[in-house]
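Take a look at the structure set out below.
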2 protein chains.
Amino acid sequence: MATGRTHRPATRSRGIPEATVARLPLYLRALTALSERSVPTVSSEELATAAGVNSAKLRKDFSYLGSYGTRGVGYDVEYLVYQISRELGLTQDWPVVIVGIGNLGAALANYGGFASRGFRVAALIDADPAMAGKPVAGLPVRHTDELEEIVTENGVSIGVIATPAGAAQQVCDRLVAAGITSILNFAPTVLSVPDGVDVRKVDLSIELQILAFHEQRKAGDETAAVRRTGTAGRPAAAAREGRKGPDGDVPAVMPA
Amino acid sequence: MATGRTHRPATRSRGIPEATVARLPLYLRALTALSERSVPTVSSEELATAAGVNSAKLRKDFSYLGSYGTRGVGYDVEYLVYQISRELGLTQDWPVVIVGIGNLGAALANYGGFASRGFRVAALIDADPAMAGKPVAGLPVRHTDELEEIVTENGVSIGVIATPAGAAQQVCDRLVAAGITSILNFAPTVLSVPDGVDVRKVDLSIELQILAFHEQRKAGDETAAVRRTGTAGRPAAAAREGRKGPDGDVPAVMPA
DNA sequence: CCATCTTTGTGCACGCGTTCACAAAGACAT
DNA sequence: ATGTCTTTGTGAACGCGTGCACAAAGATGG
């Protein structure tokens, strides 16, 4: 039982670099927008700008998929949308279960971008018996006891964990035992999973802390370079010391 | 006006590599847990396991901060907690505003890990007049009109955008104009910001699509290596073609 | 059919991040 | 004091990702 590696094995899957895979959804989104505006073709330059990346990088990324462009013209939007969708496996429907229907779980359940992007919420699962049967986003919440049954019957291979940190590993183990091989983890915990199971982690607190680091740095540079925006680099609130409350097991984004 | 670069400039801040900065919160969390269990010291090996990383990487990461360990013994937990907190700028209090109080915004507002980690929700802001004044997580929702005033008066430098995609850029512009220099963006859009402003992006849909890619790959390998877990690699639901609904402007994780 | 112009696809070089492997440093026992 | 044992801190090698810069490919007009 390998210890949870939060990211993919460094191994590139089928020759497509992991970094490229991570950008494909970005391109797909930009392309979908163009498609809706009935734009027939785009150049790598335009598309790159729309996706917020470098055009050389975009071209290199696409080159891993094949030669889908026409020199002197650009890329056919519809065709590219199809190719990327296929590459990402979005031409099929992925049933997903969400475990932990607190504030965040409910928010995820209501997420409109699910169905339209190839994902379907198969079930919402919560440990609280009081929640059972209660409709959230049009689906009745099921109790944790039924987890294995739900996963098996619906052929679910992707699970979303939105439980408090304390419950995450246990839920993860049950999901994996039930046959799930991909997990999106919102709980602030390092999950341990067997080989062959992918885990991706989303952590609000970590993102904020990274921002704080850079923010602090900017404030420290105060004396040096003057910021372009006159108001930036504000002194912020007074520093205090005794921080560090008791929150070891705080849920990701959960009921207080 | 530079186009939004979702990640830090490749420049390492004050000699600390960006990749290391991104892991510091992970270490901090593991250390906090140890601290609460009154563990006095840890070896790089133990801590690395707890944080889900390689021990060599952890040691190298710490080496950028200084020599805080004792050879033959390990690291002093409390001391390290303090050093990392300081490095991340968490010894001071960061006021944060959340814009867009839909499902996700409310979930974020209720997030317990805020206050205890050096962050304080200064205000909740929404464009819907009907929301104004309504208490969410103990704070009255303020109207967008007051945005600039709120940011200025509270000296807020970090903003969280949880609005629908269509409103994100506009909100971003106003936040930046009001003096905010760090943004955590939950809307599925590429934000354009001037130099000196940091943007980090959290995107559920992208994470799921990356998982789908690997999941599809596993299913494709079916014939090849047999999965360790007997149940994995299930055939999943039948493929279908006509996917691709109209959702160009779909909110990040918002009211349907 | 040829010249020109646009845009792709990619070879190459560079830099960052990861990992190995080991010397230096200190604790602890004798 | 000296030797042994543990664990840190880091030099060095390697591999991945990025970006430049250009040749190849095709469209388009004359």
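Here is how names work: the chains are called A, B, and so on, in the same order as the sequence lines, proteins then strands, and each is numbered from 1.
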Verdict with supporting geometry, Thr70(A) and Thr41(A), side chain to side chain contact (heavy atoms under 4.5 Å, CB included):
CA-CA 10 Å; Thr70(A) 306; Thr41(A) 60; over 6 Å; no
Begin with the C-alpha distance, continue with both residues' side-chain angles, and end with the deciding distance and a verdict on side chain to side chain contact (heavy atoms under 4.5 Å, CB included) for Leu90(B) and Phe213(A).
CA-CA 8 Å; Leu90(B) 303 180; Phe213(A) 172 85; over 6 Å; no
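Of the listed nucleotides (dT18(D), dT7(C), dT10(D)), dT18(D) has the atom at the smallest distance from the side chain of Ala19(A). With distances taken from any side-chain atom of Pro17(A) to the nucleotides dG17(D), dG17(C), dC12(C), the minimum falls on dG17(D).
Gly15(B) approaches Tyr64(B) most closely through the heavy-atom pair O-CD2, 4.0 Å. Nearest approach of Ile206(B) to Lys201(B), heavy atoms of both residues: CD1-CE, 4.3 Å.
The CD atom of Glu45(A) sits 13 Å away from the C1' atom of dG19(D) (whole-angstrom rounding). Distance, Lys60(B) NZ to dT19(C) P: 11 Å, rounded to whole Å. Asp61(A) has its CG atom 10 Å from the P atom of dG17(D), to the nearest Å. Taking atom CG of Asn54(B) as the reference point, atom P of dC14(D) lies 18 Å away to the nearest angstrom. Atom OH in Tyr64(B) sits roughly 10 Å away from atom C1' in dT10(D) (whole-Å rounding). As rounded to whole Å, 14 Å separates atom P of dG26(D) from atom OH of Tyr75(A). Between Arg71(A) atom CZ and dT7(C) atom P there is a gap of 14 Å when expressed in whole angstrom units. If you measure from atom CG of Leu58(B) to atom P of dG17(C), you get 16 Å, rounded to the nearest angstrom.
Put simply, Ser67(A) has a side-chain N or O that comes within less than 4.0 Å of OP1 or OP2 on dG9(C). Under 4.0 angstrom from either OP1 or OP2 of dT8(C) there lies at least one side-chain N or O belonging to Ser44(A).
Looking at Glu45(B) and Thr49(B), their side chains never bring a donor and an acceptor atom within 3.5 Å of each other.
Within 4.0 Å (heavy atoms only), Phe62(B) reaches no atom of the nucleic acid at all.
Toward the 5' end of DNA chain D, the nearer of the two residues Gly72(A) and Lys57(A), judged by each one's closest nucleotide, is Lys57(A). For the pair Arg59(A) and Thr70(A), both in contact range of DNA chain D, the more 5′-proximal nearest nucleotide belongs to Arg59(A).
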